Amino acid sequence: MDTKNKGFNTKLIHAGDYEDAFGSAVPPIYQTSTFRFKSSKHGADCFAGRDPGYIYTRIGNPTINSLEEKLAQLENGYRGIALSSGMAAVTTVYIAFLAKDAHIISTDAVYGPSRAVLERDFSRFGVEYDFVDTSDISNIKKVIRPNTKLLYIETPTNPTIALTDIKSASELAHEHGIIVCVDNTFSSPYLQKPLDLGADISLHSITKFINGHADIVGGALIAKDEEVYKKLRQTMVYMGGNMDPHQAYMVNRGLKTLSLRMERSMESAQKIAEYLEKHPKVEWVKYPGLKSHPQHDLAKQQMKGFGAMISFGLKGGYQAGEKLMDNVHLAMLAVSLGGVETLIQHPASMTHAGLSKQAREAAGISDGLVRFAVGIEDCEDIIEDLENALAKA
Ligand SMILES: *Cc1c(COP(=O)(O)O)cnc(C)c1O
């Protein structure tokens with residue numbers, strides 16, 4: 001069935017389906033590294049692109065392509081690429097669009113490794129970078145140079161929950177011929193469609209909301225047009241960051257319930273954020289669904305909902321944070337997010353420990369910041385767990 005003009009939920013269930021020889025109801029796992037050619041001519045035709053037949057799984061595989069087609073349709077893109085991890089997706093974008101003496105502008109509070117790999121590795125190959133608070137577009141404008149090739153935005157950010165206006169940022173970048181990539185992990189395709197807002201590439205850590213069950217690591221890229229897609233695809237194939245067929249099957253299965261999971265998590269997240277905001281031991285709460293969030297209006301404009309990620313600071317600082325994390329029982333003390341289970345973590349000592357304290361503070365990640373990823377358990381149980389732990393914090 002052609003699902004291109006169908007609704008989001010119909011795409012979630014059916015996009016990328018195809019008929020196989022046995023009438024399988026779901027795309028089966030083609031767990032094969034290579035594909036048999038019918039003749040030498042057939043092999044030559046496949047390599048020359050005259051025949052669409054499969055060649056080798058790093059280049060393409062039916063189970064993986066099925067997922068890629070679904071991802072592309074969910075965000076109205078030209079085509080999708082599935083990768084072994086979110087970081088494989090990030091480095092594929094960097095390699096495809098950066099070169100010696102090229103310059104990238106990135107959100108300062110971007111996912112730790114997305115920043116560290118530029119500072120640690122790409123700098124060795126002569127790539128230049130600026131990290132700025134992209135929630136204020138004028139900060140981007142100030143650092144654009146003639147050699148700027150890529151604008152890399154994460155919105156909402158991890159873990160400061162700051163938003164960047166994708167439409168305005170894309171317009172500015174395109175005036176200067178700069179490619180725009182949006183890390184859409186925190187929103188998922190259900191809440192935000194960066195390509196519709198003008199971005200060239202949407203990037204995901206599939207590990208999070210898309211797979212949703214904390215049992216897979218994976219990444220995705222969705223390209224707005226053929227030119228961008230071809231660059232990304234070729235880089236992925238040569239660098240070897242491809243997804244595995246079994247992984248693709250698992251993701252396709254988890255992805256089907258994205259809307260249901262998101263709706264449930266968001267309903268709880270709103271209640272939990274409001275609960276935390278009133279708690280005497282809590283100094284501040286960042287959640288786009290709160291009126292107190294500085295970009296509450298932008299969130300309403302560019303997102304379909306406010307997400308399932310909350311950050312908050314405790315009045316007792318670092319030590320109170322430690323006590324809180326050691327006294328929750330339902331919320332799991334673990335990094336990652338976007339699964340059906342509620343997770344809690346401390347960025348300064350965990351996900352963002354790779355940054356200097358100075359860089360963390362400049363990016364708004366204080367020592368007392370606690371990150372809370374809301375799952376789909378009963379909301380009353382999550383709040384009770386927080387209530388008990390906060391009493392000891
Ligand atoms: C987890 C994450 C990544 C990296 O993805 P992996 O699947 O862990 O490689 C990138 N960006 C964001 C926002 C993330 O949360």
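Note that ligands are numbered from 1 as they come in the structure, with each ligand's atoms numbered from 1 the same way. Model, not experiment: these values are computed from the prediction.
Among protein heavy atoms, the minimum distance from atom 4 (C) of ligand 1 is reached at Y111 CE2, 3.3 Å. The closest protein non-hydrogen atom to atom 14 (C) of ligand 1 is K208 NZ, 3.0 Å. D183 OD2, 2.7 Å is the protein heavy atom nearest to atom 11 (N) of ligand 1. Of all protein heavy atoms, the one lying nearest to atom 7 (O) of ligand 1 is T207 OG1, 2.6 Å. In this structure, atom 6 (P) of ligand 1 lies nearest to the protein heavy atom G86 N, 3.3 Å.
The shortest N or O to N or O distance between M87 and ligand 1 is below 3.5 Å. Considering backbone and side-chain N/O atoms, S205 comes within less than 3.5 Å of an N/O atom of ligand 1.
Side chain of T207 to backbone of G218: a donor-acceptor contact under 3.5 angstrom is found.
Ring pair Y129/F131 is tilted by interplanar angle, where 30° to 60° counts as tilted. A tilted orientation is assigned to the rings of Y190 and F8, their planes being inclined by 30° to 60°.
No hydrogens or angles considered: nothing links the side chains of N61 and N65 as a donor-acceptor pair under 3.5 Å.
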Give the C-alpha distance, both sets of side-chain angles, the deciding distance and a yes or no for side-chain contact (heavy atoms from CB on, under 4.5 Å) between S336 and K208. CA-CA 7 Å; S336 198; K208 316 294 166 53; 3.5 Å; yes
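At least one heavy atom of G218 sits under 4.0 Å from some atom of ligand 1.
Within a 6.0 Å sphere centred on CE of M350, other residues, nucleotides and ligands contribute more than 12 heavy atoms.
If you number the atoms of ligand 1 from 1 as listed, the ones under 4.0 Å from a heavy atom of E154 come out as 13 (C).
At least one cation-pi condition fails for R261 and F209: the charged atom is not both under 6.0 angstrom from the six-membered ring centre and inside a 45 degree cone around its axis.
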